[in-house]
Amino acid sequence: MTCFLSLALSISAFATAAVGIDSWSAEAVGGRREISGRVCAVDVRSGGAKIDLDGVTLDGGNVDGVLRINITASDVNIAESVQCGDRLKLSAFVTAIKPIDGNMPNGTAYRTGIRFYASARSDNIKIEFGKPKPIERFSSALKTLLVGNMGERYGNIAYSMLTGDKHSLDTDITDVFSAAGLGHIMAVSGLHIGFLAALIAIVLCKTRRSIRFAVISVAVAAYCVVADFSPSIVRAAIMTEISSFSLLIGSRRDLLSSLCCAFSLILAVKPFYMFEPGFLMSFGAIFGIAAFAGGFSRALKKIRAGRRLSDALGVSAAVNIGILPSQIYFFHTVQVFSLIVNTVMIPYISVAFVILLLCSAIGALPFCSAALTVPKYLLMPIDYISRGIAAIPYSTFTVYSTAAVFLCYPVMFCASGFFMSDRAKLSVVIASVAACSALLLIGGAPSRGHITVVDAKSTESVIVDDKIYVIGYMRDGNAVFRALQKDRCKKVDAVYLLDLSYKTADGILELYDRMKIGTVYGPRFDLVAERLIENGIDYRLFGEGDGGVTAVTAGGEFIGYGYGGVLFAADGADERLFSGYRTVRVNTVEYPEDGVTYLCNSADAARDGVFTLDGGEYSYAI
């Protein structure tokens, strides 16, 4: 029976994947298109705006999937007047996302449903106001309630904790929580479902098991709808249902069996989730608990660490081990203090979440909104502790590895109590640690010989050659850091600034906190430059020929930096001066010249050689 079920699920996964790829590839249309669609999400993090459209038509023809519109920071005001349910019409250059990029399926695009990108200016967008769906009205009302009574920062944190929606969170919040090892509380997962199920079980403790099972099932299903059926919440929901049903019929609960059941069921319906970070990390965390939590806890109890401390440390260590391969492969980071922080903070966060859930329900009642003051002050310590830990030098460090790192999971299983015998325990553990360490060290070298354009809204650019240079405005140090991580760069040899401002200085210092920076070159020396020097930055005025990068001037006016035939143009530079370069990286172009390739954040001209960046990033060979 088990073999038959496994075969059926495998066939379902393969068939679903094949049909999905065919339908996705069939709609891979690009170029200038007349776009119409209904707004289903608005993201205003980090200054710019991203507006997602569903029910999309291109040139009057219906297409499946979501189209994301990128709007530059200077035009972000349009996002303030757009709400879910509105319909947008515009003409823009559309880029189709590849279902398989190289040899790797695009798991994140598959999960979000985003199949197209477009960049646009606000004056090219026509808005037809509409009505949001019931679930969208509920989410909007909840967000308004929380932000209105807890303030912008803590209201958005609370909303993200309850729904997993991080569209309104600034990147500085998500970055500090991630650096502290607490980023998982912003994604609705088994932790949240467990809180909800436990709370209902306590409230209904004197009722029959069948009633508790029915109420928990309905509550969990409703929570899945609110959380938009994210992979982690669906995994947690399936496992909760299996566990609750086992209690109902008096059967033994088995964590690993329910985990494998949830894994198989989800992949049978959504096979590309196998390549989605959130899905793999969610399952990795529970696998770690099933494989190692009990062993760690028993070992700590033998040295008289105390039952509660032993259990807490055992679970925290097991989770960190379980998610490590996925974390290194997708995000290239390891949080040094994650084990300690989660051991200490999870009990407190559990209480804070339950109180937040209860106070949100109470605060929705007339004249009871003051109840939300309580969770606001409970969230403050979590925020302050996260910021403090993120500010500690080397709180995170970078590790690169290939897909071979996922072979750690079968090795981990061999080292768990499910597989090995007591007689060979020490030998197996030593061999497993050595094998996993070797797999972690199988990493690719930093990318060479190409240019990576970073963070479209800020026109930052990274050149990766024999040395690593950053050229641009440096308005978002965290975005540059993430792009450098993606290209497996562990340091920056030099930064070349198109302009110098306090926002630029903030961006450089953000990057300086995360990795080593060599010399920073700028156009002038002033109070901002002094601030950089006071913080340990080697700042110098730019000189011709530094690092192979040259300052480009015309008529005594600085228009950008040149490198390898590529011009990184400053905003507002005269486009007629670009014709001497084969490739120009520029925010936007209105009058493109023949024979020049333009890489733009947004482009009004439908001409050959004008490319709008895909979702803010673009790579090409020098």
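These figures come from a predicted structure and were not determined experimentally.
Here Val351 pairs with Ile355 under the side chain to side chain contact (heavy atoms under 4.5 Å, CB included) rule; sequence neighbours left out. Listed by chain and residue number, Tyr409 satisfy the ring-ring contact (aromatic ring centres under 6.0 Å, His included) test with Phe287 (two or more places apart in sequence, or in another chain). Partners of Ala201 under the side chain to side chain contact (heavy atoms under 4.5 Å, CB included) rule, at least two apart in sequence or in another chain, do not exist in this structure. Under the side chain to side chain contact (heavy atoms under 4.5 Å, CB included) criterion, Val341 pairs with Leu182, Phe337, Met345, Ile389, not counting sequence neighbours. Every residue two or more places apart in sequence or in another chain that forms a salt bridge (Lys or Arg N to Asp or Glu O under 4.0 Å) with Arg387 is listed here: Asp383.
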Exercise for review: Check the pair Asn149 / Ser369 against side chain to side chain donor-acceptor pair (under 3.5 Å), numbers first and verdict last.
Suggested key: CA-CA 7 Å; Asn149 292 279; Ser369 59; 3.3 Å; yes
Practice item. Go through Arg33 and Ser91 one step at a time and tell me if the side chain to side chain donor-acceptor pair (under 3.5 Å) criterion holds. Key: CA-CA 6 Å; Arg33 294 287 185 268; Ser91 176; over 6 Å; no
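Nearest heavy atom pair, residue Phe129 against residue Asp86, reads CA-OD1, 3.3 Å. Smallest separation of non-hydrogen atoms from Ile173 and Arg153: CG1-NH1, 3.6 Å. Across all their heavy atoms, Cys359 and Val374 have their closest contact at SG-CB, 4.4 Å. Of all the heavy atoms in Leu146 and Ala158, the pair that sits closest is CD1-C, 4.0 Å. Nearest approach of Met281 to Ile323, heavy atoms of both residues: O-CG2, 3.4 Å.
In this structure, Tyr473 contributes its side chain and Lys503 its backbone to no donor-acceptor pair below 3.5 Å. At distances below 3.5 Å, at least one donor-acceptor pair connects side-chain atoms of Thr163 with backbone N or O atoms of Tyr159.
At a threshold of 4.0 Å, the pair Glu136-Lys131 does not count as salt-bridged, since none of the basic side-chain nitrogens sits closer than that to a carboxylate oxygen.
Between Phe283 and Phe263, the angle of the ring planes goes over 60°, which puts this pair in the perpendicular group of the 30/60° scheme.
Here the options are Val63, Leu67, Ile125, the test is side chain to side chain contact (heavy atoms under 4.5 Å, CB included), and the partner is Ile35; only Leu67 passes.
Sorted pairs that involve residues 356-380 and meet salt bridge (Lys or Arg N to Asp or Glu O under 4.0 Å), not counting sequence neighbours, are lacking altogether.
Side-chain contact check for Met380 versus Tyr154: some heavy-atom pair is nearer than 4.5 Å.
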